[in-house]
Amino acid sequence: MNASVNEVRQALEWGLIPAVPVPRTREGRIHLQAQESYAGYLADQPIAGAAVWAHTGRGLHMERFERMAVVQQWRAALGASKLLVAGVGALPDPRRLGLAKISQWQQDSLAMATDAIQGGADALLVFPPSLFRELPVAEQDEAIIEYHRELSRLGVPLILFYLYDEAGGIAYSAEVLRALLSLEMTVGIKMATLDSVMTLQDVSALMSEEFPEQLLITGEDRMFGYSLMRGARGALVGLGAAYPNIQHDLMQAYASRNYERFMDLSARVDGYAERTFIRPMDKYILRMLWCLVLSGVIPEEAANDLAGYEMTRQEIDSLHRAIERFRLY
């Protein structure tokens, strides 16, 4: 059963949604036993739900049969009481050019959204349509807005996604944000600007002044605590993939105005992020999988990512020290 906009917003308010990776064998296949163990582990944590098919789960790079297996397994693990969010978008077909490529990309994206709904997703996390950079500047804003309108017509709540350029994002102007935040199916917006404090500040100010009913959802792994101070009232983060408990506690401390506890927890969450969300940034997915290995959730043989990164013994030892130092259990 799909949830309404208000139900999703209420569940997300001061709630944590980890963006989950997919344990894989060295050959690249989903490690089914590890996936089952991981889903069971996370479902028992203090989370509001989980996000599949996001960047952390390499959603745009999975085959359709893999995506459907993942969404169905997480739907079953989370049960009816927790949210299931699914990333939606598509990779452009390099064989096509111009408007034909954009048209095919939109069809593929809508098909992925339809699959997510059929798989039981309660909300859709909309990957930024960075392909629209290829359009003339004068046409980009309207294309972004119309794309989100098409997704909203599917009748499932939308979580907007403001992502920094290096990770495949596209800048949303204030006019675009106003249009997207005004859509009936919009729950709020996930911010993942990484190192652009000004962007986070500008968007949070716009929302507090003009859209106070919409949720600012932090995806700011490297400035988690600060983003709460800037008005975030929910979180959808890859950082929560292994140890969501400490981030949950941090959010609850801020919501209850227990600022002494908030400062302590914020320092620990920051320390953890500073060991895991480092360059190469895309390797954070493998680091999260290795955190799960070090916690005994999945076996070492399941800590593999489609990008093909390898962990050195020094990197693994660094993760272990961070887990112990920042008391992440």
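Two residues are said to be in side-chain contact when any heavy atoms from C-beta on lie closer than 4.5 Å; N258 and S256 meet this criterion. Taking 4.5 Å as the limit, some side-chain heavy atom of L194 sits within range of a side-chain heavy atom of M281. Between D108 and D93, the closest side-chain pair of non-hydrogen atoms is not below 4.5 Å. Proximity of Y243 to Q45: side-chain heavy atoms (C-beta onward) are nowhere separated by under 4.5 Å. In this structure, the side chains of V126 and Y147 come closer than 4.5 Å at one or more pairs of heavy atoms. Contact of the Y309 side chain with the E315 side chain is not registered, since no non-hydrogen atoms from C-beta on lie closer than 4.5 Å. The side-chain heavy atoms of Y38 and Q73, taken from C-beta on, include no pair separated by under 4.5 Å. A 4.5 Å side-chain heavy-atom check between M207 and M191 finds every atom pair outside the cut-off.
Within the 3.5 Å criterion, the main-chain N or O of A34 finds no donor-acceptor partner in the side chain of S37. The main-chain N or O of V297 is never found under 3.5 Å from a side-chain atom of S295 such that the two would form a donor-acceptor pair. Between the T114 side chain and the L110 main chain, a donor and an acceptor come within less than 3.5 Å of each other. A donor-acceptor pair is defined here as one N or O able to donate and one able to accept, closer than 3.5 Å; no such pair exists between the side chain of D141 and the backbone of V176. Looking only at distances, a side-chain donor or acceptor of K82 sits under 3.5 Å from a matching main-chain atom of A43. For the pair R233 (side chain) and L215 (backbone), a donor-acceptor distance under 3.5 Å is absent. Checked by atom type and distance alone, the side chain of Y41 pairs as donor or acceptor with a backbone atom of A242 at under 3.5 Å. No donor-acceptor pair under 3.5 Å is formed between the side chain of S318 and the backbone N or O of Q314. With hydrogens and angles ignored, the 3.5 Å screen pairs no side-chain donor or acceptor of E13 with any backbone N or O of G234. Between the side chain of E7 and the backbone N or O of S4 there is at least one donor-acceptor pair closer than 3.5 Å.
Ionic pairing of E146 and R153 is present here: one or more N-O contacts between side-chain nitrogen and carboxylate oxygen are shorter than 4.0 angstrom. Looking at E220 and R230, no side-chain N of the basic residue comes within less than 4.0 Å of a carboxylate O on the acidic one, giving no salt bridge. A salt bridge links D305 with R58; the closest basic N to acidic carboxylate O contact falls under 4.0 Å. Salt bridge annotation for R75-D122: present, with a cationic side-chain nitrogen under 4.0 angstrom from a carboxylate oxygen. Salt bridge annotation for R268-D249: absent, with no cationic side-chain nitrogen under 4.0 angstrom from a carboxylate oxygen.
In this structure, the separation between CG on L84 and CD on Q72 is 10.5 Å, given to the nearest 0.5 Å. Rounded to the nearest 0.5 angstrom, W53 CH2 and L125 CG are separated by 12.0 Å. Here the CD1 atom belonging to I145 is positioned 12.0 Å from the OG atom belonging to S152, to the nearest 0.5 angstrom. Atom CE of M223 and atom OG of S196 lie 7.0 Å apart (nearest 0.5 Å). Rounded to the nearest 0.5 angstrom, I144 CD1 and I170 CD1 are separated by 4.0 Å. Separating the CH2 atom in W290 from the NZ atom in K283 is a distance of 11.5 Å, to the nearest 0.5 Å.
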For M311 and L319, run side chain to side chain contact (heavy atoms under 4.5 Å, CB included): C-alpha distance rounded to whole Å, both residues' side-chain angles, the deciding distance at 0.1 Å, then the answer. CA-CA 11 Å; M311 292 285 285; L319 285 181; 3.6 Å; yes

What do the steps show when you test L294 against I316 for side chain to side chain contact (heavy atoms under 4.5 Å, CB included), and what is the final call? CA-CA 9 Å; L294 294 170; I316 295 168; 4.2 Å; yes

Full working for side chain to side chain contact (heavy atoms under 4.5 Å, CB included) between V20 and T56: CA-CA 6 Å; V20 297; T56 311; 6.0 Å; no

Start with the C-alpha gap between L250 and L228, add the side-chain angles, then the distance that decides, and say whether side chain to side chain contact (heavy atoms under 4.5 Å, CB included) holds. CA-CA 9 Å; L250 171 64; L228 299 179; 4.2 Å; yes

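The two atoms that bring R26 and N304 nearest to each other are N-ND2, 3.4 Å, heavy atoms only. Contact detail for A205 and S208: the closest heavy-atom pair is O-OG, 3.0 Å.
Using the six-membered ring where Trp is involved, Y172 and H148 have ring planes that are perpendicular, over 60° apart on the 30 and 60° scheme.
Tested against H31, the residues R24, E301, E36 include a single side chain to side chain donor-acceptor pair (under 3.5 Å) partner, E301. Of the candidates Y226, F224, F262, Y254 forms a ring-ring contact (aromatic ring centres under 6.0 Å, His included) with just one, namely F262.
Counting heavy atoms of neighbouring residues, nucleotides and ligands inside a 6.0 Å radius, atom CD of E142 exceeds 12 of them. Atom CD of E260 is surrounded by 12 or fewer heavy atoms from other residues, nucleotides or ligands within 6.0 Å.
Ring pair F132/W105: centre-to-centre distance below 6.0 Å.
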